[in-house]
Amino acid sequence: MPESRQGEETRGRGEATRGPSYPFRELSERAQERWRKERLFELDDPMAADRRFYCLNMFPYPSGDLHVGHGRNYILGDAVARVKKMQGYTVLAPMGWDAFGLPAENAAIANQIHPAVWTKKNIARMKTQLQAWGAMYDWNREIASCDPAYYKWTQWIFLQLYKRGLAHRAMGTVNWCPTDQTVLANEQVVDGRCERCDTPVETRELEQWYFKITAYADALLRDLALLEHWPEKVRVMQANWIGRSEGASVRFPLAGRDAPLEIFTTRPDTLMGATFMVVAAEHPLVAALAAEGRLSPDAARFVERLKRARVEDRFAVETEKEGVPLGVSAIHPLSGAKLPVWVSNYVLMGYGTGAIMAVPAHDQRDFEFATTYRLPIVEVIRPDQEPRFDGKAAYEGEGGLVNSGRFDGLASGEGKRAIVQALEKEGKGEARVNYRLRDWLISRQRYWGAPIPMVTCPTHGMQPVPESELPVLLPDQVEFKPTGESPLLSNEAFLRATCPKCGGPARRETDTMDTFVDSSWYFLRFLSPKAEDRAFDTDAVNRWLPVNQYIGGVEHAILHLLYSRFIVKVFQDAGLVAFPEPFERLFTQGMITKDGAKMSKSKGNVVPPDTLIERYGADTVRLYTLFIGPPEKDAEWNDRGVEGAYRFLTRYWRIIEEFTATKEVMATGKRPFAPSGPARDLRRRVHQLVLQITDDVDRFHFNTAVSGLMQMVNAILDYEAAGGSLQSPEVAEAVDLATRLLAPLAPHTAEGAWDRLGHPQSVVTAPWPQPDRAALHSDLQSLVLQVNGKVRSQIEVAVGIEQEAARAAALADPRVQRFIDGEEIAQVIVVPGRLVNVVTRRRPQPKPHQPKP
RNA sequence: GCCCGGGUGGCGGAACGGCAUACGCAGGGGACUUAAAAUCCCCUGGGGGAAACCCCAUGCAGGUUCGAGUCCUGCCCCGGGCACCA
């Protein structure tokens with residue numbers, strides 16, 4: 001659609017506009033050019049900096065266009081970086097690209113464009129957008145995870161984990177996305193669906209690569225306590241995901257078989273109430289029975305049906321509990337009773353051992369199953385009071401042990417200890433901590449990722465590629481077909497490798513790594529982004545990390561943040577870093593919605609920043625984005641609201657222009673002055689706002705910081721309207737303070753203003769203002785007068801008034817007297833400097849009431 | 001079911017236990033203009049009143065307190081996370 005001709009001629013808005021405006025285009029261009037030229041955001045020597053602040057936005061996936069919702073993340077980060085810089089820190093604020101991943105490959109399949117080309121194009125586009133916002137990153141440190149210079153070190157990290165026994169290949173039941181034609185990590189399955197494309201996930205038995213994150217389950221859980229500056233919500237989510245539970249591991253011998261059936265339980269106190277056993281369809285016992293031909297046709301059919309079912313149906317809570325007996329008996333380890341073993345859909349292979357002891361009296365799931373299949377139910381826990389087991393539902397609480405032989409009479413806690421002890425003595429079990437966390441499945445049957453640096457030799461088997469041969473380069477020439485096999489299989493030259501042991505021909509691993517491996521260490525790379533001889537500089541990262549402020553979306557609360565913590569812990573154990581956690585402070589910003597929904601192309605509610613920046617300037621968009629609401633909360637975008645921010649900047653700029661009309665005032669502004677009356681009131685207000693805004697930005701309350709700046713500008717304009725001169729020392733001071741406070745939020749405008757105010761240095765390097773205590777001082781203050789807690793009057797009194805005097809003044813106030821007339825004063829509360837509350841003894845009769853019509 | 005958030009004008013939201021509704025948007029009225037836009041000024045929670053002023057209102061019901069949007073108890077609703085986790 002052709003743009004209006006007028007839009008080109010006016011410097012302000014797209015429509016024909018006269019009247020006051022401000023030259024935002026010119027200001028933006030000049031400011032950005034200056035920042036680049038003066039290299040104000042570049043860090044030359046990481047080891048030289050003294051007061052350091054590492055401010056990091058989660059690096060984006062280069063999907064194409066950014067919208068204003070993304071902008072919130074970068075604007076926040078940029079504002080924080082600028083505030084810290086003005087507060088005297090050396091700031092590191094780098095940016096990069098999480099550039100491997102499926103969308104690039106899907107674009108390749110759909111449009112015959114190479115993923116590398118598609119990605120590069122998107123990076124260029126998004127970089128332009130980030131710069132248009134005025135977000136200033138140290139572009140000298142830009143990295144992209146698809147760059148061989150980067151993924152060489154992702155591969156190196158794989159080898160370090162392999163060396164430490166933390167990377168292994170294993171057969172297992174894995175999540176399979178039929179649309180993306182690849183396996184998924186547990187963390188990438190949401191409600192039984194692929195987190196990326198929402199396709200119901202299936203399971204497959206495949207051999208895959210895993211990182212042993214479970215070895216760090218305990219440390220990852222324990223060190224959440226160190227993350228006091230993380231949102232509580234994120235810590236809770238991670239703790240739930242790790243899912244630690246204490247209990248016991250118990251081995252039930254199987255009649256006629258060597259291997260016992262091992263189970264995990266959190267309730268060893270209910271052991272004597274176990275009346276049957278249940279295993280998952282994927283349990284090795286089922287496979288063994290099948291192999292021996294001892295699986296009944298019924299059981300075989302049942303197991304097959306379960307394995308084929310979609311994950312979302314199979315594991316939904318509402319799904320009916322179904323089962324089939326396996327015809328095998330387990331021997332109770334303490335009572336020796338024979339317990340039938342069943343296979344059922346309600347036991348999951350992915351948790352514990354994939355087998356349970358069923359205690360129907362004290363577990364609702366077991367109870368439902370026992371009821372359905374008429375299996376015996378034995379009550380073994382009986383509390384002193386109701387509720388207790390009543391035969392209608394399981395009693396899941398604690399209580400005294402009954403029907404438990406020699407354990408009768410013990411309380412649950414004692415019973416747990418006693419039973420575990422008895423099991424240990426018999427060699428049938430022991431206390432055990434179990435985690436919900438599974439190992440991290442990192443191999444993907446896709447092209448656009450870092451190749452896993454392994455080869456298979458016919459004689460020496462699986463061998464790691466020597467570090468000296470890294471990177472294993474991703475070949476350009478492959479066929480992109482959604483076959484479910486890695487496209488790398490189509491490149492013969494890539495497949496040919498040599499065995500590092502014998503030098504003979506070997507076959508290269510064709511799986512690539514999950515992109516979350518790429519992003520679990522990038523924050524370390526920024527300190528030495530171009531280093532060719534190491535992944536990162538240990539001295540530099542030890543000096544700069546943990547990241548002081550990490551900013552990103554809450555959608556990464558588990559995946560990226562857990563993986564990064566894991567990798568850093570591995571590095572700490574390997575002596576590569578000297579800190580236990582990568583991110584000191586985490587801020588998760590809320591989503592920006594439009595028409596009540598998350599912005600997406602398919603919904604057609606995306607607000608692109610480009611036209612807004614064109615029409616109102618980057619600073620307007622920045623200010624509105626910060627003003628829209630508390631940054632941690634979701635907010636609804638309102639195009640009209642943008643105009644409010646624009647009007648504010650226009651008013652501010654008018655002051656700047658009119659003020660600088662006479663520069664001599666600047667000189668007087670520097671001189672000490674003790675104004676009185678309106679000038680003094682203006683100073684007090686302005687310095688109060690300095691205090692408030694400083695507090696606001698320190699606490700990430702950017703919405704109220706913007707509001708504070710609006711109030712400051714309103715105060716100056718009110719001062720002028722009341723007859724005050726803009727060419728006055730008090731306005732000179734107000735303008736100076738407002739400009740510095742505005743600098744992190746609307747940097748282009750503030751930069752231009754700072755220049756007009758006669759400063760040779762950029763406002764980026766100006767010091768953050770301090771309020772003048774003397775200016776804050778006042779001789780008079782208002783005292784709120786209440787009667788029985790209701791505000792009835794307000795008086796002006798001298799600051800520091802004695803309590804007794806305040807009390808007397810309150811009681812003397814005519815309006816107060818009207819309300820206490822004839823009533824006895826019970827009490828007078830004086831809050832110094834704030835209020836006086838006169839409390840009367842209430843009259844017994846109610847106040848006269850208006851009769852209803 | 002369990003664990004986090006949250007519920008304040010027409011809307012986004014503000015408020016160390018102390019003047020609820022700051023700031024902005026929208027709306028109404030006015031000034032300027034041939035007119036419109038832009039800009040500027042005034043009004044704008046509900047009810048009553050000519051006015052002074054009074055009453056009511058922060059999801060609901062209680063409680064603590066001289067005083068509660070804020071703290072406590074119980075509920076309702078909305079958003080998010082986890083979930084046959086043994």
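Worth knowing before you read on, the calculation uses all heavy atoms, side chains too, and leaves out hydrogens, waters and symmetry mates. Bear in mind that the values here come from a model prediction, so they are computed numbers and not experimental data. Letters go in sequence order (proteins before strands), and every chain restarts at 1.
Considering only residues two or more places apart in sequence or on other chains, Asn837(A) meets the side-chain hydrogen bond (donor to acceptor under 3.5 Å, both in side chains) condition with none of them. By the ring-ring contact (aromatic ring centres under 6.0 Å, His included) test, Phe700(A) pairs with Phe587(A), Phe702(A), sequence neighbours left out. Every residue two or more places apart in sequence or in another chain was checked for a salt bridge (Lys or Arg N to Asp or Glu O under 4.0 Å) with Asp619(A), and none qualifies. Judged as a ring-ring contact (aromatic ring centres under 6.0 Å, His included), and not counting sequence neighbours, the contacts of Tyr346(A) are Phe369(A). With sequence neighbours left out, Tyr624(A) forms a ring-ring contact (aromatic ring centres under 6.0 Å, His included) with Trp637(A). Applying the salt bridge (Lys or Arg N to Asp or Glu O under 4.0 Å) criterion to Arg244(A), with sequence neighbours excluded, gives Asp218(A), Glu246(A). Taking the salt bridge (Lys or Arg N to Asp or Glu O under 4.0 Å) definition, one finds that Asp363(A) meets it with Arg365(A), sequence neighbours left out.
For Glu720(A) and U39(B), the CD to C1' distance is 13 Å, given to the nearest whole Å. Atom P of nucleotide A86(B) and atom NE2 of His283(A) are separated by 17 Å, given to the nearest angstrom. Leu717(A) has its CG atom 13 Å from the P atom of U39(B), to the nearest Å. Taking atom CD1 of residue Ile592(A) and atom C1' of nucleotide C11(B), one finds them 16 Å apart after rounding to whole Å. Phe702(A) has its CZ atom 15 Å from the P atom of A14(B), to the nearest Å.
One C1' atom belongs to U34(B), the other to G27(B), and the distance between them is 27 Å to the nearest Å. A gap of 26 Å separates the C1' atoms of G69(B) and C53(B), to the nearest Å. Separation of the P atoms belonging to C11(B) and U65(B) is 36 Å when rounded to the nearest angstrom. Atom name P, nucleotides U8(B) and G63(B): the rounded distance is 24 Å, in whole Å. C76(B) and C60(B) have their C1' atoms separated by 7 Å, with the value rounded to a whole Å. C78(B) sits 41 Å from A37(B) when the C1' atoms are compared, rounded to a whole Å.
If you check A86(B), C16(B), C82(B) against the side chain of Asp363(A), the one that comes closest is A86(B). Here the side chain of Arg436(A) is nearest to one of C66(B), C85(B), G13(B), namely C85(B). Residue Leu348(A) places its side chain closer to C84(B) than to any other of C84(B), C54(B), C66(B). Listed nucleotides: C55(B), A83(B), C84(B). Nearest to the side chain of Asn345(A): C84(B).
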Summary of protein contacts for nucleotides 22-27 of chain B, nucleotide by nucleotide, where a base hit scores B, a sugar-phosphate-only hit scores S (4.0 Å, heavy atoms): BBSSS-
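Residue Arg365(A) places at least one side-chain N or O closer than 4.0 Å to OP1 or OP2 of C85(B). For the OP1/OP2 pair of C53(B) and a distance below 4.0 Å, the side-chain nitrogens and oxygens of Arg815(A) include at least one atom meeting the criterion. Dashed line: the shortest gap from a side-chain N or O of Lys790(A) to OP1 or OP2 of A68(B) is not under 4.0 Å.
One finds the OG1 atom of Thr704(A) at 6.0 Å from the CD atom of Gln692(A) (value rounded to the nearest 0.5 Å).
The salt bridge (charged side-chain N to carboxylate O under 4.0 Å, His left out) pairs that include a residue from residues 701-719 of chain A number zero, where partners must be two or more places apart or lie in different chains.
Without hydrogens or angle criteria, Glu430(A) side chain to Val420(A) main chain gives no donor-acceptor distance under 3.5 Å. Between the side chain of Arg438(A) and the backbone N or O of Tyr435(A), at least one donor-acceptor pair lies under 3.5 Å. Arg807(A) places no side-chain N or O within 3.5 Å of a backbone atom of Val830(A) that could act as its donor or acceptor partner. Checked by atom type and distance alone, the side chain of Asp439(A) pairs as donor or acceptor with a backbone atom of Ile213(A) at under 3.5 Å.
For G30(B), the O4'-C1' to base torsion is more than 90° from 0; the nucleotide is therefore anti.
Near RNA chain B, meaning a heavy atom under 4.0 Å from it, residues 351-359 of chain A has Tyr351(A), Ile356(A) in order of number. Within residues 260-268 of chain A, the residues approaching RNA chain B are Phe264(A), Thr265(A), Thr266(A), by heavy-atom distance under 4.0 Å.
Of all nucleotides present, none satisfies the Watson-Crick or G-U wobble test against A86(B) with each distance under 3.5 Å. When both pairing distances are held under 3.5 Å, C40(B) makes a Watson-Crick or G-U pair with G30(B). Within the shown strands, C78(B) is the pairing partner of G5(B) under the Watson-Crick or G-U definition, both distances less than 3.5 Å. In a base pair of the Watson-Crick type (N1 to N3 plus N6-O4 or O6-N4) or a G-U wobble (N1-O2 and O6-N3), with each distance short of 3.5 Å, C11(B) is matched with G24(B).
Residue Gln827(A) is in sugar-phosphate contact alone, with no base atom involved, counting any heavy-atom pair closer than 4.0 Å across all strands shown.
Ser245(A) and Asn434(A) are not linked by any side-chain donor-acceptor pair at a separation below 3.5 angstrom, with hydrogens and angles left out of the test. Counting only N and O atoms by type, the side chains of Thr749(A) and Tyr652(A) include no donor and acceptor under 3.5 Å apart.
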Under 3.5 Å, which N/O atoms of the protein pair with N/O atoms of nucleotides 1-7 of chain B?
none

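Ring-plane geometry between Tyr563(A) and Trp440(A) is classed as parallel, the angle between the planes falling under 30 degrees on a 0 to 90 degree scale with a further cut at 60.
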